[in-house]
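Only one structure is covered here, and it is reproduced in the block below.
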Amino acid sequence: MTDLRKQIDETVAFIRTKTKSMPRIGIILGTGLGGLALEIEKEIEIEYEEIPHFPVSTVESHHGKLIFGILSGKPVVAMQGRFHYYEGYSMKQITFPVRVMKFLGVETLLISNAAGALNPLFKKGDVMLMVDHINLLGDNPLIGPNDDSLGPRFPDMSEAYDRGLLELAEQVALDLKIGVQKGVYVAMTGPNLETRSEYRFLRYIGADAVGMSTVPENIVAIHMGMKVFGVSIMTDECFPDSLKPVTLEEVIAVANQAEPKMTAIMKELVRRM
Ligand code: HPA
């Protein structure tokens, strides 16, 4: 048994002393989905610090926690607080919670993030359903010996974001009369935002939005045979010829403004899954 598998088993055993919940849906509450946490009828919350082998957030003032509860009538497990590569965590640390979710019974992973708009038809505050991604992180959580008990050496990525869930989410958005975009997300390490020339390059290579998360978690979820659905809030416009300075305050303000749209879509999507 690999060290990774042993750690997963230990973490799952610990969580099992706290809850018998068998959620089939896992949620990563990124920027803009904080509000969804309030919609979960909570059974139990476990602080990351308490959980063996979980990375512990050092920079964030609020503590990360794993939330077990019911959303739209379904048992779910949600990560409140996620880990980014720019914080200095390894790819394996960032994705460890996703490994644990799988062994708790999760089959479908719902991920949210904040991203910059590269597609000139998008605007600040838009919600984008992720159809695909480009990994420009320069790293990969699957590098190293493969644990065949977790997944294959060369996982297929032809459907990194589940077509069925994407269609369902489009129907949900239509029924709720919420306009959404669809597009390709490219992951950069950050923490700096990109230069004009980098934005131009990212647009050329086929990306509609740029962010600093989600891709590692997606890769690990796909490795383990999970389905993934992702949604991005466009917090700023990354158009090279009209680029203006962006502040974190603005990014957060736009994310908070768009949050109700994202929360409504996720809630109804879970109901219909
Ligand atoms: N780059 C540019 N703008 C952004 C990003 C990013 O990674 N994330 C949110 N807005």
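When a ligand or atom number is given, it counts from 1 through the structure's own listing order. Just so it is clear, the model here is predicted, and its values are computed rather than measured.
Protein heavy atom nearest atom 2 (C) of ligand 1, with residue, atom name and distance: Tyr199 OH, 3.1 Å. The shortest contact between atom 1 (N) of ligand 1 and any protein heavy atom is with Glu194 OE1, 2.8 Å.
Distances below 4.0 Å separate heavy atoms of Cys238 from the following atoms of ligand 1: 2 (C), 3 (N). Ligand-side atoms of ligand 1 in range of Gly116: 3 (N), 4 (C), 5 (C), 8 (N), 9 (C), 10 (N), range being under 4.0 angstrom from any heavy atom. Per-residue contacts place Ala114 under 4.0 angstrom from the following atoms of ligand 1 (heavy atoms of the residue considered): 8 (N), 9 (C). With ligand atoms numbered from 1 in the order given, ligand 1 contributes 1 (N), 2 (C), 3 (N) to contacts under 4.0 Å with heavy atoms of Leu193. Proximity to Thr235 (heavy-atom distance under 4.0 Å) selects the following atoms of ligand 1: 9 (C), 10 (N). Using a 4.0 Å cut-off to heavy atoms of Asp236, the atoms of ligand 1 that qualify are 2 (C), 3 (N), 4 (C), 9 (C), 10 (N).
Heavy atoms of other residues, nucleotides or ligands lying less than 6.0 angstrom from NZ of Lys123 number 12 at most.
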Hey, can you pull the donor-acceptor pairs under 3.5 Å for the side chains in residues 134-144, sequence neighbours left out?
residue: Asn135; atom: OD1; partner: Leu137; partner atom: N; Å: 3.0
residue: Asn135; atom: ND2; partner: Asp139; partner atom: O; Å: 3.2
residue: Asp139; atom: OD2; partner: Tyr85; partner atom: OH; Å: 2.7
residue: Asn140; atom: OD1; partner: Leu142; partner atom: N; Å: 2.9

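Neither the backbone nor the side chain of Tyr86 comes within contact range of ligand 1; no heavy atom lies under 4.0 Å. Counting heavy atoms closer than 4.0 Å to ligand 1, residue Met188 contributes nothing at all. Contact annotation for Val210 and ligand 1: heavy atoms of both the backbone and the side chain come within less than 4.0 Å of the ligand.
Checking Thr19 against Glu43 by side-chain atom types alone, a donor-acceptor pair falls below 3.5 Å.
Contact annotation: the side chain of Phe68 approaches that of Ile46 to within less than 4.5 Å [non-hydrogen atoms, C-beta and beyond].
Heavy atoms of Gly190 stay at 4.0 angstrom or farther from ligand 1.
The pair Asp241-Arg200 meets the salt-bridge criterion, with a side-chain N (NZ, NE, NH1 or NH2) lying under 4.0 Å from an Asp/Glu carboxylate O. The pair Lys124-Glu237 fails the salt-bridge criterion, with no side-chain N (NZ, NE, NH1 or NH2) lying under 4.0 Å from an Asp/Glu carboxylate O.
Exactly one of Val184, Asp208, Val210 qualifies for a side-chain contact (heavy atoms from CB on, under 4.5 Å) with Leu202. That residue is Val210.
Separation of the Phe83 and Tyr48 ring centroids falls under the 6.0 Å cut-off.
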